[in-house]
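Scroll down for the structure; my scribbles are underneath it.
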Amino acid sequence: ETGVTQSPTHLIKTRGQQVTLRCSSQSGHNTVSWYQQALGQGPQFIFQYYREEENGRGNFPPRFSGLQFPNYSSELNVNALELDDSALYLCASSDYRLAGHYEQYFGPGTRLTVT
Amino acid sequence: EDKVVQSPLSLVVHEGDTVTLNCSYEVTNFRSLLWYKQEKKAPTFLFMLTSSGIEKKSGRLSSILDKKELFSILNITATQTGDSAVYLCAVVWTNAGKSTFGDGTTLTVKP
């Protein structure tokens, strides 16, 4: 059983640029959630994807968008980067078919720095 | 607004001590409460709690949920230096599995 993987590990971008972060879900998991974790804070829910569709969204602007592919892997895209977007971006996978079971398994994260 | 508050923010203990971490919440459409341990990057899953009063145990760690008073506690007995980490509490709400995390409790266990 493979775990959740994310790429890249680290990324440095300039304000105004666009970035794409990638996540491969754990084998057998069909749901991917993305979180933003600023230093010293808990993860903030960005959105969740299930069956290639957005299945819920937190309080993030539309310049945060995502995709889920048929193999359940996912991308997070952020346009028009701002300095406050600097954070650890975590991806978590789970099996939505297990009703009421929301055990999520997190990837190692992508550290994004916006200068 | 949905809110999850953890206390204390940080805690320093010595090996062998017992600690209790607290998590209180104000969330509509509660589905479950989860505890995670975050050492460097990826939070690792500890417990999922859905029913009041049923203790979950895993080795030296245990947790319980009170859905009437809207809180949960995580106990760690006979702490070890390897228990040093940030402990996160998250509440899952709505069918979409949206979750709200607290800001964590930083536990430092000294030898």
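Note that these values count all heavy atoms, side chains included, but never hydrogens, waters or copies made by symmetry. To find a chain, count down the sequence lines: A is the first, B the second, and so on, and within it residues start at 1. This structure is a prediction, so every number in the text was calculated from the model and none was measured.
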Check each atom of Q38(B) against the heavy atoms of chain A and say whether the ones under 4.5 Å are side chain, backbone, both or neither. side chain
For the residue pair Y36(B) and F47(B), is the inter-centroid distance of their aromatic rings smaller than 6.0 Å? no
Would a distance-only check, ignoring hydrogens and angles, find a side-chain to backbone donor-acceptor pair under 3.5 Å from E15(B) to Q80(B)? no
Counting heavy-atom pairs under 4.5 Å with chain B, the top scorer among P43(A), G109(A), G107(A), G40(A) is P43(A)
Step through it carefully: locate the ring centre of Y35(A), locate the ring centre of F101(B), and say whether they are under 6.0 Å apart. yes
K13(A) side-chain N/O to T113(A) backbone N/O, donor-acceptor pair under 3.5 Å: no
Select one option (side chain, backbone, both, neither) describing which atoms of T110(A) are under 4.5 Å from chain B's heavy atoms. neither
Heavy-atom distances under 4.5 Å only: say whether Q6(A) touches chain B with side chain, backbone, both or neither. neither
